[in-house]
Amino acid sequence: QQQPVPTTTTTAASSSGGLDDALVHSAGDDATVRCWRADDGAEVDTLFGHEAHVAAMAAGAANNSRCPLLTAGRDRTVRAWKLDDETHRVYRPPPAAADAVLTS
């Protein structure tokens, strides 16, 4: 019997307004959010908190220190990350898993 091929889904969003300090974020099946410098591709941080696949991500305005990054996971949570101190708030929407987030 043939085994299924594991799949990895990755979502990405960029954050930070200045070209000198721009970050790119990626996330997926390992339940982490990884932060990369856009100018040289170096990984600068890994954020932990989700307990399942991160399905969606949205970056806020660079000058919004309260919530520069939102993530939604299959653990049925939406997390608002403060990247400067690696803290986050957890929101638990109604029963369905969160599949999308939007910032303004």
Asks: Quick check for you: to the nearest 0.5 Å, what is the distance between T71 atom OG1 and L47 atom CG?
Replies: 8.5 Å

Asks: Shortest non-hydrogen contact from G41 to W36?
Replies: O-CE3, 3.4 Å

Asks: List the atom of F48, the atom of H88, and the distance in Å for their closest heavy-atom pair.
Replies: O-CE1, 3.7 Å

Asks: Quick one: closest heavy-atom pair of A52 and A31, and the distance?
Replies: O-CB, 3.3 Å

Asks: Quick one: closest heavy-atom pair of H50 and W81, and the distance?
Replies: CD2-CZ2, 4.3 Å

Asks: Would you name the heavy atoms of R74 and A55 that are closest together and state the gap between them?
Replies: NE-CB, 4.1 Å

Asks: Hey, what do you get for NZ (K82) to CG (L69), rounding to the nearest 0.5 Å?
Replies: 13.5 Å

Asks: Please report the shortest heavy-atom distance between D75 and E51, naming the atom on each side.
Replies: OD2-N, 2.8 Å

